[in-house]
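Below is one structure; the comments refer to it alone.
Here is how names work: the chains are called A, B, and so on, in the same order as the sequence lines, proteins then strands, and each is numbered from 1.
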Amino acid sequence: KQEVTQIPAALSVPEGENLVLNCSFTDSAIYNLQWFRQDPGKGLTSLLLIQSSQREQTSGRLNASLDKSSGRSTLYIAASQPGDSATYLCAVPQGAQKLVFGQGTRLTINP
Amino acid sequence: DAGVTQSPTHLIKTRGQQVTLRCSPKSGHDTVSWYQQALGQGPQFIFQYYEEEERQRGNFPDRFSGHQFPNYSSELNVNALLLGDSALYLCASSTPTSGGYTDTQYFGPGTRLTVL
């Protein structure tokens, strides 16, 4: 059974800092890994998807890395802004159809 | 191009009642998945529909049922509501890859269900 863990549960940093969010998974035989953003009470917005054959993906100030052998992924956010404040979730497929999510990291960027 | 849409946005029910939530997938998508997200938790997979059939089901009781229509839209039905069913219900659409795996899932805004 796949289990996904995100640490820390909450993070508060001043504006402008670079930061790293962590995601670990128990079964390294994954097809891909996806990072999502969720604003309070809202749906999920896909940020980055890394295929199992890739080591990293970049989109603007976001960079996600994947190390399947160690069961870990990181989401790096450069030059953080108050608008980055949200909950960040990682998810991996279990079987062909089901996504297994972590609990999320609630990020607050202080002006 | 409209993304995934869900209705209603909010819903308040009392214990024992029944509820139906609706989802229209992103244009070109034929697969719909439903997730339940309790406050402060990650989403939990309920089930997935493809070609009008349930393909996979998570650890949810039979009170949770669904349906997919020929136009790929979907409904989630919950009977005999319990207080613990209060949550954000998310619908996601996708299209299966040639290997059978589901590629990027696109999520709707969710329906907030409150059971009193």
- Query: Which residues from residues 101-111 of chain A are near chain B, with near meaning under 4.5 Å between non-hydrogen atoms?
  - Reply: A:Phe101, A:Gly102, A:Gln103

- Item | Donor + acceptor pair across side chains of B:Gln105, A:Gln34 (<3.5 Å) | no

- Message: Using every non-hydrogen atom in the two residues, find where B:Gln56 and A:Lys98 come nearest and quote the distance to one decimal.
- Response: OE1-N, 3.5 Å

- Item | Whether over 12 other heavy atoms sit under 6.0 Å from B:Arg57 CZ | yes

- Are any of the side-chain heavy atoms of A:Leu99 and B:Ser33 separated by less than 4.5 Å? no

- Note on the structure: Among residues 106-116 of chain B, those lying within the under-4.5 Å heavy-atom range of chain A are B:Phe107, B:Gly108, B:Pro109, B:Arg112

- Query: Is A:Val13 reachable from A:Leu21 through a run of I, L, V, M, F, W or Y residues, each pair having side-chain heavy atoms under 4.5 Å apart?
  - Reply: yes

- Under a 4.5 Å side-chain heavy-atom rule over Ile, Leu, Val, Met, Phe, Trp and Tyr, are A:Tyr76 and A:Trp35 clustered together? no

- Message: Hydrophobic clusters here meaning ILVMFWY residues chained together by side-chain heavy-atom distances under 4.5 Å, can you tell me if B:Tyr50 and B:Phe64 are in one?
- Response: no

- Task: Return the minimal non-hydrogen interatomic distance between B:Gly42 and A:Leu89, and the atom names on each side.
- Result: CA-CD2, 4.1 Å

- Are A:Leu62 and A:Leu33 connected, step by step, through hydrophobic side chains (Ile, Leu, Val, Met, Phe, Trp, Tyr) whose heavy atoms are closer than 4.5 Å? yes

- Message: With a strict 4.5 Å heavy-atom criterion, list every residue of residues 5-15 of chain B that contacts chain A, or say none.
- Response: none

- So if you build clusters from Ile, Leu, Val, Met, Phe, Trp, Tyr with side-chain heavy-atom gaps below 4.5 Å, do A:Val4 and B:Phe45 land together? no

- Top contributor to chain B interface from A:Ala9, A:Ser46, A:Gly43 [non-hydrogen pairs under 4.5 Å]: A:Gly43

- Message: At under 4.5 Å between heavy atoms, what parts of residues 67-90 of chain B are in contact with chain A? List them by residue number.
- Response: B:Leu88, B:Leu90

- Segment of B:Tyr35 engaging chain A (4.5 angstrom heavy-atom cut-off): side chain

- Let me know if B:Gln44 has heavy atoms under 4.5 Å from chain A in its side chain, its backbone, both or neither. neither

- Whatever's closer than 4.5 Å to a heavy atom in chain B on A:Gln6 counts as neither

